[in-house]
Each structure stands twice: as C-alpha cells, then as structure tokens.
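As structure tokens, the structure follows; a few thoughts come after it.
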Amino acid sequence: MKTRLLLTALAAFSLAACSKKKDPEPQAPDSPKPIPVLTKVVKGHLLKSCDIALVPGANFRVEYTWNTDSSLKKYKSINPATQQSADVDFHYENGMLARITTQNSLSEGVYVFKNGKVDRITSRHLINPTGRNYYFTYNAADNTPARIRYYNFNEAGEQLVTEVNYTYDAQKRPVEITSTQPNGNKRIIRFQEWSEPFLFSPWIFSESEMDLENYELYNVPLMFVLDRMPTKFSEHQQAAGAAETMTRRWEISYTVQQEKLQFRRAKVFYPTQPQLDRTVEHTFHY
C-alpha cells in the first residue's frame, strides 16, 4: 500500500513538471480488508460426512449440513449398527452463532460473542437452573486464547471448577496448557510435535458443547486460530504439593491431500495401564 501511494505521488509530480494540464483527481484509498473473526465459525473445507472407528469399540458416522454462507447448519450422529441418530442444530442471530441444540436433549449450548470472538460458552439445562460456563480471555497481539475459566452454576451462583492457561511458541502453537483447580491440583498438556499446515473446520475436532475430553485443546476458539494439529502430546497430573506424573500420551497421524484432511488416526497410551490403550480413526468425506 505504501509503495503504491509513493508511485502515485511520483507520477503526479512528473505530470505537473512536464505539462500544464490539470492534475488527475486523487485516487480513493483501498477499502480496508476485513479482519478474520469467529462470528460464524467458518474455516476450512465443508465436510459431507465423517466415519469414526473406535479400536476396539463401535463405529459411528457424522453427517454435516451447511448454510449457503458456509456456516454449519446441522450435523447428525448415526450409529450404523442400530441406525439410531441424533441431530445437533446450529442457530444464528444477526449472522452470528447463538445457540446449539441437540435432539431429545434437555440442555443447549449458548455462544456469546464480543469483538468477533467467543466471550462465553454456556451449557445450560432447559428446565433446571444448572449448567456450565466457560469464559475466554485472549492475547491482544494475535487473538490466541490466553485463559479459560470454567464454572459450574446453579440457583446459588457460580463455582469455579478450573482455570486453564496457555503458553505458545513463536509460531502461535501451544507449548503447554495448564489447568489448575481451586485446591491446587493441576492437569498439564505438553506438546512435542505438530503436523504440517492444512485447512480444517473446528467442528471436525470439537463437540457442540465443551463437555469433552481434552476440551483445553479441542475447543472452537483455539481450533479457529490454528493452521495445524498436534501429532504428539502428553498429559501430566500434579496434586498440590506432590510430584508430577505422566498419565497419558497421544500419537496422531494425518493424511492430507490438496490441503484437505482425508484420514486421522489417534493412538492413546496409558503408561501404567496399557490395557486401556486405544485407537480412534476418522475418515473424512467432502
């Protein structure tokens, strides 16, 4: 932009020196480019379906429906063995994600945005005044999540469950995620290796609400700012005043073709309980 304005100024100066003709009208400045925000949670290629295989365990299928503006409209979870299914619907207000509802469920997820970013995610019961609140704080320099404060709530108010803090490397990838409970107990996720960059939708990895394993990593605000996924990371537990121990580790491989994620295999290892080791495979269809 600066180069273009400088060339324009030089050209105008030359015309004035060589001709008595009227100077050209000044050009209007370029329109400002929109800043990427999380309002619709649109990112990556649009999936038709995803087949999930638990090894050992059952198989599942997820089918996706998208709005014309590429925002997610619905996904359907299907058990191929029984054909039982459940729909998860996404509701928008003024072009922004507002609520997520699940078929035959008595709870819903509520998204509150501030300055184009998720400020709070609430999972609330539709009859009883109970649920969970997740409050997000961001780093001002790059919009990466800096902290999540997770509360349970009821008619008596909120009670802090854990505070999650993020540490990043120079490439804006998490190095360590530390979850600290009010009693001082900690859960720490440390990252050792990352995949090559590729495009993906946050909804591939995150659940509609935050009640999922490793939500510190697999939440939409963090998924939105990442351009790759971890291939090796580990979980460590540390009770207040006690030594730290590693409880689990993950090894994940990704098959990517033309920036589209085609296949993912995640292996989970339990150092002291190898009988719990398991593998989860995702096959993606576009």
Side-chain angles (χ1 to χ4, degrees), residues 38-41 52 54 58 60 62 64 71-79 82 84-138 145-166 177-189 202-224 235 237-240 247-248:
L38 198 60
T39 51
K40 296 181 181 178
V41 202
I52 305 171
L54 309 179
F60 299 90
V62 180
Y64 298 85
S71 58
L72 184 58
K73 181 178 182 179
K74 173 188 294 187
Y75 70 75
K76 179 190 294 287
S77 299
I78 305 169
N79 185 330
T82 64
Q84 291 182 327
S85 65
D87 290 345
V88 177
D89 293 284
F90 292 71
H91 308 269
Y92 299 83
E93 294 179 3
N94 299 320
M96 299 176 67
L97 180 63
R99 295 183 303 115
I100 302 176
T101 58
T102 303
Q103 181 183 6
N104 299 326
S105 174
L106 292 178
S107 65
E108 66 177 0
V110 178
Y111 278 63
V112 177
F113 287 83
K114 184 178 180 180
N115 298 325
K117 300 185 289 293
V118 175
D119 183 63
R120 185 184 82 244
I121 299 176
T122 296
S123 177
R124 66 185 183 190
H125 196 277
L126 295 177
I127 300 176
N128 302 320
T130 59
R132 304 182 303 275
N133 277 328
Y134 300 85
Y135 296 94
F136 291 81
T137 302
Y138 298 86
R147 185 181 68 191
I148 305 174
R149 291 178 67 88
Y150 163 30
Y151 294 83
N152 285 332
F153 68 84
N154 54 33
E155 63 277 3
E158 290 183 322
Q159 182 178 7
L160 180 65
V161 176
T162 186
E163 179 176 298
V164 182
N165 287 280
Y166 292 82
I177 305 176
T178 302
S179 302
T180 306
Q181 300 175 10
N183 61 9
N185 292 345
K186 293 183 179 180
R187 178 177 185 259
I188 306 165
I189 300 176
W203 301 116
I204 291 177
F205 303 108
S206 63
E207 294 290 345
S208 57
E209 298 171 19
M210 298 286 284
D211 188 15
L212 75 163
E213 184 179 55
N214 292 335
Y215 76 90
E216 302 97 326
L217 169 62
Y218 296 115
N219 62 79
V220 170
L222 180 58
M223 293 291 99
F224 188 81
E235 174 194 75
Q237 300 282 354
Q238 185 178 25
T247 51
R248 290 183 291 180

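These values consider heavy atoms only, across backbone and side chains, with no hydrogens, waters or symmetry-generated copies. Not measured: the values here are computed from a predicted model.
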Would you give me the side-chain donor-acceptor pairs under 3.5 Å for residues 152-161, sequence neighbours excluded?
from, atom 1, to, atom 2, distance (Å)
Asn154, OD1, Ala156, N, 2.8
Glu158, OE2, Asn133, ND2, 2.7
Glu158, OE2, Tyr135, OH, 2.6

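- Between Phe224 and Val118, every side-chain heavy-atom pair lies at or beyond the 4.5 Å cut-off.
- Closest of all the heavy-atom pairs between Gln103 and Ala86 is OE1-CA, 3.5 Å.
- Checking Thr122 against Arg120 by side-chain atom types alone, a donor-acceptor pair falls below 3.5 Å.
- Looking only at side-chain heavy atoms (C-beta outward), Ser71 and Tyr92 come within less than 4.5 Å of each other.
- Distance CD1/Ile188 to CD/Glu216: 11.0 Å, rounded to 0.5 Å.
- A donor-acceptor pair under 3.5 Å is formed between the side chain of Thr82 and the backbone N or O of Gln84.
- Aromatic ring centres of Tyr64 and Trp203 lie farther apart than the 6.0 Å criterion allows.
- Heavy atoms only, all atoms of each residue included: His125 and Asn128 are closest at ND1-N, 2.9 Å.
- Taking the side chain as every heavy atom from C-beta outward, Tyr166 and Leu222 approach each other to under 4.5 Å.
- Judged purely by atom type and a 3.5 angstrom limit, Ser77 has no side-chain atom pairing as donor or acceptor with the backbone of Val62.
- The OG atom of Ser107 sits 11.0 Å away from atom CD1 of Ile100, with the distance rounded to the nearest 0.5 Å.
- Rounding to the nearest 0.5 Å places CD of Gln238 at 6.0 Å from NZ of Lys186.
- Residue-environment remark: CG (Asn94) stays at or below the threshold of 12 foreign heavy atoms within 6.0 Å.
- Between Arg187 and the options Thr162, Ile177, Asn214, Thr178, a side-chain contact (heavy atoms from CB on, under 4.5 Å) holds for only Asn214.
- Taken to the nearest 0.5 Å, the CZ atom of Arg147 stands 7.0 Å off from the CG atom of Asn165.
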_As a quick check of understanding, evaluate side-chain contact (heavy atoms from CB on, under 4.5 Å) for Leu217 and Met223, giving each step before the final call._
CA-CA 8 Å; Leu217 169 62; Met223 293 291 99; 4.0 Å; yes

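- Phe136 pairs in a side-chain contact (heavy atoms from CB on, under 4.5 Å) with only one of the listed residues (Ile148, Val164, Val220), which is Ile148.
- Here Lys73 contributes atom NZ and Asp89 contributes atom CG; the two are 8.5 Å apart, rounded to the nearest 0.5 Å.
- To the nearest 0.5 angstrom, Thr101 atom OG1 is 9.0 Å from Lys74 atom NZ.
- Smallest separation of non-hydrogen atoms from Ala240 and Asn183: CB-O, 3.5 Å.
- Of all non-hydrogen atoms in Phe113 and Leu97, the two that sit nearest each other are CE1-O, 3.1 Å.
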*Assess whether side-chain contact (heavy atoms from CB on, under 4.5 Å) is satisfied between Glu235 and Glu213, documenting all intermediate values.*
CA-CA 12 Å; Glu235 174 194 75; Glu213 184 179 55; over 6 Å; no

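- Between the side chain of Tyr134 and the main chain of Ser123, no donor-acceptor pair closer than 3.5 Å is present.
- Between Tyr215 and Asn219, the shortest heavy-atom distance links the atoms O-ND2, 2.8 Å.
- Side-chain contact between Ser179 and Tyr150 is absent, with no heavy-atom pair separated by less than 4.5 Å.
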